[in-house]
Every structure is written in C-alpha cells, then in structure tokens.
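Input: a single structure, listed below in structure tokens.
Residue numbers start at 1 and run along the sequence shown. Atoms within a ligand are numbered from 1 in the order they appear, just like the ligands themselves.
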Amino acid sequence: MSKKILLSGVKPTGRPHIGNYFGAMRQFVELLNSGAYECYFFLADYHALNLIQNAALMRQNSLDLAVDYLAIGLDPSKAVIYKQSDVSANTEAAWIFDTLVTVPYLERAHAFKDAESKGREVNVGTFNYPVLMAADILLYDADVVPVGQDQKQHIEYARDIAQKFNNAFGRTFKLPDALILENVAVVPGIDGQKMSKSYNNTIPLFATKAEIEKAVMSIVTDSSSDLPVNVYNIHKLFKSQVELEPIYETHKGKYKILKEMLIADIESFIAPLRERREKIAADVKNIHTVLAEGAERARAKADLKLAEAKRAIGVS
Ligand code: AMP
Ligand code: TRP
C-alpha cells in the first residue's frame, strides 16, 4: 500500500521564529521521521513575492530558509525539498483554479480582509493567495498539510477548490486535511499576541544567546498578578507543566528570576540547532544541489497531475 502524502510550505520572508517552529516546522520533522508519509516541503517564494520585492533579499531569504529546513532535521534523502517557483505547474494550475472561484468567495479570506482593513491597497497576488496555495497542495495529491492555526482557512479553500474542480470536470483532486496541533496552534509572542514577524514580537528560532536574552527580558509582564502569564506561556514550549509548576510556585512574583530560567531553557534548546545551522550554511553548494534535486522530483509529480487536470478541462 502506498504511503499517505504530506506537504507543507513556509514563506521565505526572513528568519523563522519559535512560533513557526512549534506551530508547524517541528511537526514537519516528526512526521517525516515517523516514516508514515511521503513528504514534500517547499519554500513558498512566489507567495513571499507579495511582501518581498527585492531580488537580492529574495535570494538570500530563500537560501536561508533552505538552510533552516536542513538544520531542523529535514533530510533531503527522505523528503522532497524544493522552491515553489521551480515548479511552473503550480502557477499554471492556479490559473485554472482562478476560473472556478468567485470574487466574493476570495473576499471572505482572512488574509485579504486583514490587509484591506488596514486600509492598504491589496495587490492581486495577495487576493489570489489562497488559489496558488490550493495549487501547491492539490497538484501533489496531499492528504495532510501540517500548519499553524492561521492557515486553517487556506486549507479549507484548497478543499473547496478541489471539490469545485471535481464537480465540474470529474474526480481529479484529493481533498486535503489540515493537521493542526491544538496546544501550539497559536504560539504567543513576547507581548502575548500571536507571535508574528509583522508584530515585532518574536524569538527567532536560531537566535543568538544575546538575542534570546533581549527578547525574554522584554516579555511584557503585568505586575497585578503573581504569575507572569506571558513568560509562562512561552516557557510551556520548553518544559512540561509538571516541571514548571513548582518553579513558578517557588518564585512567585519574582519575574526576573523566572525570566532568567526561561533564558537558560531556551538557550539550551536553541544552541545545538544554531550550531548545526552554522555547519550546514557553510556549504552553499550543497544547498543548491538539494533544491535542484528537489525541484526535479517535485516537477515530475506536479506535471503528471497538471496533465491530468488539462485533459479533464479539455485543453489537451
Ligand atoms: P509563515 O512564516 O507565515 O510562512 O508561517 C509558516 C508556518 O508557521 C505556518 O504553518 C503558520 O501557520 C505557522 N505559524 C506562524 N506563526 C505562528 C504562531 N504564532 N503560532 C503557531 N504557528 C505559527
Ligand atoms: N501560506 C503559508 C504560510 O503563510 C505558506 C504556504 C504556501 C503553504 N503554500 C502552502 C503552507 C501550501 C502549506 C501548504 O505559512
């Protein structure tokens, strides 16, 4: 029996943070290592183009994210690791899907509504974001898509689009399921809001010791309570509740000590990852080889599916 297919992507928009890691990337590694899935992990560079319109920065970010993937333990001999832009079939399929979805339907997408509510002029790429994402998923026959909570709606869009296509042209695409871990669905940032690059409240996944110290020392605490909730909620990612309870009981109200303990726990978690990342980053040629080989395998898979879709719609 063939394995289920697992696929996910991350936008190369700068250094990943521990919200990306605990919310999504850690699951990539665990699920890959479980051996239960045929895995595809990609850099969503065409999605990032909505935000990054600078060639040098795009190149650097993409290379960096590929290094990050390898450093967290995604093994290119076990998973297909590639750049979205290397697979033309993705953007071609997105066009086909564009003809199946309506404007009001896309207007209901959270990302679009957020951008619009900020009074920004929204580009068509941002508006169409969920359609390209549907193509990313559906062309690979993905069964499961591990993501954080903020991507849940996008996976529902991919399902809807698959269903619409299948209704119109006959069964072609599989309906994917999101895989979201409840306890880390939304990792909080140092201000207690969702951790996000755009809120400037992150702890970078490969942070230096000094960066960890600075971030933790700026965690917002509310002096009206003995329990510094924002500190505790981040600490929970690194130690179990059973381990944390006595610590927070003993040091009730002593925010500084608790923050120092959190710094030590984050540092001992990140230090080995950081070291591994440095070694991997030193061999740039290897990263390019990994991406080139991944692109070839991804194209082989996606092209077949696109050909099937083109037959179904009557253009070939
Ligand atoms: P992005 O950087 O937006 O491409 O996000 C990469 C992955 O990290 C996606 O699966 C997101 O859902 C996930 N993610 C981003 N921020 C958080 C957060 N604060 N908590 C949990 N998951 C997150
Ligand atoms: N939208 C996702 C994010 O911001 C990135 C992404 C693009 C993705 N295409 C995907 C994730 C397909 C999973 C599957 O995090």
Side-chain angles (χ1 to χ4, degrees), residues 5-29 31 39-52 61-62 64-65 68-69 72 74 80-85 87 90-91 93-94 97 109-112 114-115 125-126 128-159 161-162 174 176-205 230 233-234 236-237 298 302:
I5 297 175
L6 180 148
L7 171 144
S8 196
V10 175
K11 291 194 296 291
T13 47
R15 298 166 80 195
H17 50 71
I18 62 170
N20 299 129
Y21 182 72
F22 289 102
M25 293 164 83
R26 183 171 65 167
Q27 282 72 259
F28 297 179
V29 185
L31 294 162
C39 292
Y40 295 82
F41 301 110
F42 67 98
L43 325 180
D45 51 356
Y46 272 165
H47 276 120
L49 188 59
N50 284 310
L51 304 158
I52 294 182
N61 282 346
S62 299
D64 284 347
L65 182 56
D68 298 337
Y69 271 0
I72 60 170
L74 296 182
V80 183
I81 298 176
Y82 60 103
K83 280 197 314 200
Q84 182 184 37
S85 63
V87 188
N90 281 30
T91 39
F97 296 152
H110 301 314
F112 168 73
D114 286 354
T126 299
N128 269 354
Y129 192 110
V131 182
L132 178 57
M133 183 152 162
D136 294 337
I137 298 169
L138 301 180
L139 280 185
Y140 300 79
D141 279 331
D143 295 284
V144 287
V145 185
V147 283
Q149 180 72 36
D150 60 0
Q151 297 300 315
K152 186 169 184 231
Q153 191 194 37
H154 287 149
I155 314 296
E156 282 159 10
Y157 270 58
R159 284 179 73 91
I161 289 172
K174 227 187 243 176
D177 283 311
L179 203 156
I180 299 171
L181 293 187
E182 280 314 314
N183 54 337
V184 286
V186 184
V187 173
I190 60 174
D191 57 358
Q193 293 188 82
K194 175 193 147 185
M195 185 174 289
S196 165
K197 264 164 240 168
S198 47
Y199 300 156
N200 252 316
N201 63 355
T202 68
I203 302 177
L205 175 58
N230 293 337
N233 283 339
I234 294 177
K236 266 196 323 209
L237 300 167

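Of the polar atoms of P146, none of the N or O atoms is found under 3.5 Å from an N or O of ligand 1, judged by distance alone. For V186, no nitrogen or oxygen atom sits less than 3.5 Å from a nitrogen or oxygen atom of ligand 1, counting backbone and side chain alike. Checked against a 3.5 angstrom limit, the closest N/O atoms of D150 and ligand 1 fall inside it. At a 3.5 angstrom cut-off on N or O pairs, K11 counts as close to ligand 1. Taking only nitrogen or oxygen atoms, main chain and side chain alike, V147 does not reach within less than 3.5 Å of ligand 1.
Residue-ligand proximity, V10 to ligand 1, at heavy-atom distances under 4.0 Å covers atoms 4 (O), 6 (C). Within the listing of ligand 1, atoms 7 (C), 8 (O), 10 (O) sit less than 4.0 angstrom from a heavy atom of A24. Close approach of ligand 1 to K194 (heavy-atom distance below 4.0 Å) involves ligand atoms 16 (N), 19 (N). Within the listing of ligand 1, atoms 21 (C), 22 (N) sit less than 4.0 angstrom from a heavy atom of G23.
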Q. Stepwise, does the side-chain contact (heavy atoms from CB on, under 4.5 Å) test hold for M133 with Q151?
A. CA-CA 10 Å; M133 183 152 162; Q151 297 300 315; 3.5 Å; yes

Q | Audit row: Q84, D136, side chain to side chain donor-acceptor pair (under 3.5 Å) steps and yes/no | A | CA-CA 8 Å; Q84 182 184 37; D136 294 337; 3.0 Å; yes

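Between F28 and F22, the gap from one ring centroid to the other reaches at least 6.0 Å.
In this structure, H17 has a heavy atom closer than 4.0 Å to ligand 1.
In this structure, the protein non-hydrogen atom closest to atom 18 (C) of ligand 1 is V187 N, 3.6 Å. Residue, atom and distance of the protein heavy atom nearest to atom 15 (C) of ligand 1 are N20 ND2, 3.1 Å. Atom 22 (N) of ligand 1 has its closest protein heavy atom at G19 O, 3.3 Å. Atom 10 (O) of ligand 1 has as its closest protein heavy atom G148 N, 3.1 Å.
Going from atom CD1 of I18 over to atom CG of L205 covers 8.5 Å, rounded to the nearest 0.5 Å. Taking CG of N201 as the reference point, atom CG of D191 lies at 4.0 Å (rounded to 0.5 Å).
Proximity of A185 to ligand 1, defined as any heavy-atom pair under 4.0 Å, is confined to the backbone N, CA, C and O atoms. Counting heavy atoms under 4.0 Å from ligand 1, residue V184 touches it through the backbone alone.
A 4.5 Å side-chain heavy-atom check between V87 and Y140 finds at least one atom pair inside the cut-off. Contact annotation: the side chain of F97 never approaches that of L132 to less than 4.5 Å [non-hydrogen atoms, C-beta and beyond]. Contact check for V147 versus L179: no side-chain heavy atoms found under the 4.5 Å cut-off. Taking 4.5 Å as the limit, some side-chain heavy atom of V187 sits within range of a side-chain heavy atom of L237. With contacts defined as side-chain heavy-atom distances shorter than 4.5 Å, the pair V186/D150 does not qualify. In this structure the side chain of Y129 reaches within 4.5 angstrom of the side chain of N50, judged on heavy atoms. Within the 4.5 Å cutoff, no side-chain heavy atoms of T126 are placed close to those of F112.
Around the NZ atom of K152, the shell of radius 6.0 Å holds no more than 12 heavy atoms that belong to other residues, nucleotides or ligands.
The pair D45-K11 fails the salt-bridge criterion, with no side-chain N (NZ, NE, NH1 or NH2) lying under 4.0 Å from an Asp/Glu carboxylate O.
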Ligand-protein N/O pairs under 3.5 Å (ligand 2):
unit_1, atom_1, unit_2, atom_2, d
ligand 2, 1 (N), Y129, OH, 2.6
ligand 2, 1 (N), Q151, OE1, 2.9
ligand 2, 4 (O), K11, NZ, 2.7
ligand 2, 4 (O), Y129, OH, 3.1
ligand 2, 4 (O), Q151, NE2, 3.2
ligand 2, 9 (N), D136, OD2, 2.7

